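Worth saying up front: this structure is predicted, and the values here are computed from it rather than measured. Positions are given from 1, in the same order as the sequence printed here.
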Amino acid sequence: MDIPLQANSTFEYPLNLKFMKKVILLSVLFPLICLSQHKNEWFFGAEIGNNTINSFQLGEPNKSFQGGIVAEYYIGESWSLIGRIKYFKTGVSFYAQSTHSGSWFDLGSDGYFGVFNGSVISIPVNIKNEFNITSKIKGNVKLGLAYNREIKSEYYFSSNLNTDNSKSFTSLNAGFGINYYLTNKTAFYIDLETYQLGGYKASSNGLVFTKNYYTTNNLINIGIKHNFKK
């Protein structure tokens with residue numbers, strides 16, 4: 001494979017992706033407006049766990065440690081707004097051979113490859129709903145957006161691909177989990193969450209469709225939270 005490295009250009013997010021993120025943002029804010037006059041309690045905590053980079057496609061190691069701090073504000077008996085500051089690694093890799101036929105009528109595309117290794121500070125903000133399973137165990141689902149800032153950005157791309165991507169981006173964030181309440185002020189929890197459609201890194205043109213490459217991460221969190229109010 002003889003494809004030189006390097007390239008620079010800019011990219012604008014598709015309008016439909018921007019629209020999707022606005023819809024998610026409104027879905028987070030609407031319940032806050034409706035429930036803002038109900039129960040209000042703060043919980044603070046910390047979480048650690050496993051990070052899986054799902055956007056690696058060439059066999060790179062995709063497991064790593066991740067962690068963060070948590071602030072959760074209950075705005076109803078079962079609704080809360082949760083914000084976190086997290087650190088985790090991310091990345092993308094891909095490869096495609098040239099499909100040019102070499103004939104005078106050539107509908108093929110150029111070959112390309114890319115590997116991106118990065119790390120981010122992520123600030124996800126979610127609306128979360130809890131529901132009773134037992135008197136001390138509650139399930140939950142959450143939905144929101146995450147603001148991400150790359151603190152490491154390493155590109156190994158063929159020269160026919162762009163690398164001039166923003167180091168700041170938003171991604172869709174959703175998850176579900178279980179809380180175990182030791183008391184009404186302290187709870188342990190475990191949850192699974194995903195970060196999707198955020199860190200655009202490259203696109204390739206096919207015969208009919210354009211394929212975009214985004215960073216994608218799945219995280220398993222184990223955490224504790226506590227209400228410090230006396």
Just to verify, what does [X] make a side-chain contact (heavy atoms from CB on, under 4.5 Å) with, not counting sequence neighbours?
{"X": "Asn129", "value": "Ser78, Trp79, Phe131, Val141"}
{"X": "Ile178", "value": "Ile137"}
{"X": "Ala71", "value": "Trp42, Phe44"}
{"X": "Ala146", "value": "Ser122, Pro124, Asn148, Ser171, Asn173, Tyr195"}

Of all residues at least two apart in sequence or in a different chain, which pass the side chain to side chain donor-acceptor pair (under 3.5 Å) check with [X]?
{"X": "Lys128", "answer": "Glu72, Glu130"}
{"X": "Lys229", "answer": "none"}
{"X": "Tyr147", "answer": "Ser168"}
{"X": "Asn218", "answer": "Asn54, Thr194"}

Q | Leu197 and Phe169: CA distance, side-chain angles, deciding distance, side-chain contact (heavy atoms from CB on, under 4.5 Å) verdict | A | CA-CA 10 Å; Leu197 296 176; Phe169 56 89; over 6 Å; no
(Q) List the residues meeting ring pair (Phe, Tyr, Trp, His ring centres under 6.0 Å) with Tyr189, not counting sequence neighbours, and say none if there are none. (A) none
Q.
My understanding is that only residues two or more places apart in sequence, or in another chain, count here; which of them pass ring pair (Phe, Tyr, Trp, His ring centres under 6.0 Å) with Tyr155?
A. Phe116, Phe157
So if you build clusters from Ile, Leu, Val, Met, Phe, Trp, Tyr with side-chain heavy-atom gaps below 4.5 Å, do [X] and [Y] land together?
{"X": "Ile69", "Y": "Ile151", "result": "yes"}
{"X": "Val92", "Y": "Tyr112", "result": "yes"}
{"X": "Phe113", "Y": "Leu58", "result": "yes"}
{"X": "Leu182", "Y": "Ile133", "result": "yes"}

Q: Output yes when a side-chain donor or acceptor of Thr90 lies under 3.5 Å from a complementary backbone atom of Thr215, and no otherwise.
A: no
Q. So, Thr216 side chain and Ser55 main chain: donor-acceptor pair closer than 3.5 Å or not?
A. no
Q: Using a cut-off of 6.0 Å, state whether more than 12 heavy atoms not belonging to Ile121 lie near its atom CD1.
A: yes
Q.
With a sphere of 6.0 Å drawn around NZ of Lys152, does it hold more than 12 non-hydrogen atoms of other residues, nucleotides or ligands?
A. yes
Output the distance between atom [atom1] ([X]) and atom [atom2] ([Y]), rounded to the nearest 0.5 Å.
{"X": "Asn212", "Y": "Lys201", "atom1": "CG", "atom2": "NZ", "value": "13.0 Å"}
{"X": "Glu41", "Y": "Asn227", "atom1": "CD", "atom2": "CG", "value": "5.0 Å"}
{"X": "Phe228", "Y": "Phe43", "atom1": "CZ", "atom2": "CZ", "value": "10.0 Å"}
{"X": "Asn179", "Y": "Lys138", "atom1": "CG", "atom2": "NZ", "value": "8.0 Å"}
{"X": "Asn217", "Y": "Thr52", "atom1": "CG", "atom2": "OG1", "value": "8.5 Å"}
{"X": "Asn50", "Y": "Ile220", "atom1": "CG", "atom2": "CD1", "value": "5.5 Å"}

Q: State, without any angle test, whether Ser119 and Lys89 hold a side-chain donor-acceptor pair at a distance under 3.5 Å.
A: no
Q.
Show every salt bridge (charged side-chain N to carboxylate O under 4.0 Å, His left out) that has at least one partner inside residues 176-185, sequence neighbours left out.
A. none
Validation row: [X], [Y] side chains within 4.5 angstrom (heavy atoms):
{"X": "Arg149", "Y": "Ile123", "value": "no"}
{"X": "Lys142", "Y": "Asp191", "value": "yes"}
{"X": "Phe88", "Y": "Val120", "value": "yes"}
{"X": "Tyr87", "Y": "Phe65", "value": "no"}
{"X": "Tyr95", "Y": "Gln57", "value": "no"}
{"X": "Leu161", "Y": "Phe94", "value": "yes"}

Q | Minimal non-hydrogen separation, Val115 against Ser93, with atom names | A | CG2-CB, 4.1 Å
Q) Where is the tightest heavy-atom contact between Ala174 and Leu143, given as atom of each residue plus distance? A) CB-CD1, 3.9 Å
Q: List for me each residue that meets salt bridge (charged side-chain N to carboxylate O under 4.0 Å, His left out) alongside Glu47, sequence neighbours excluded, and say none if there are none.
A: Arg84, Lys86
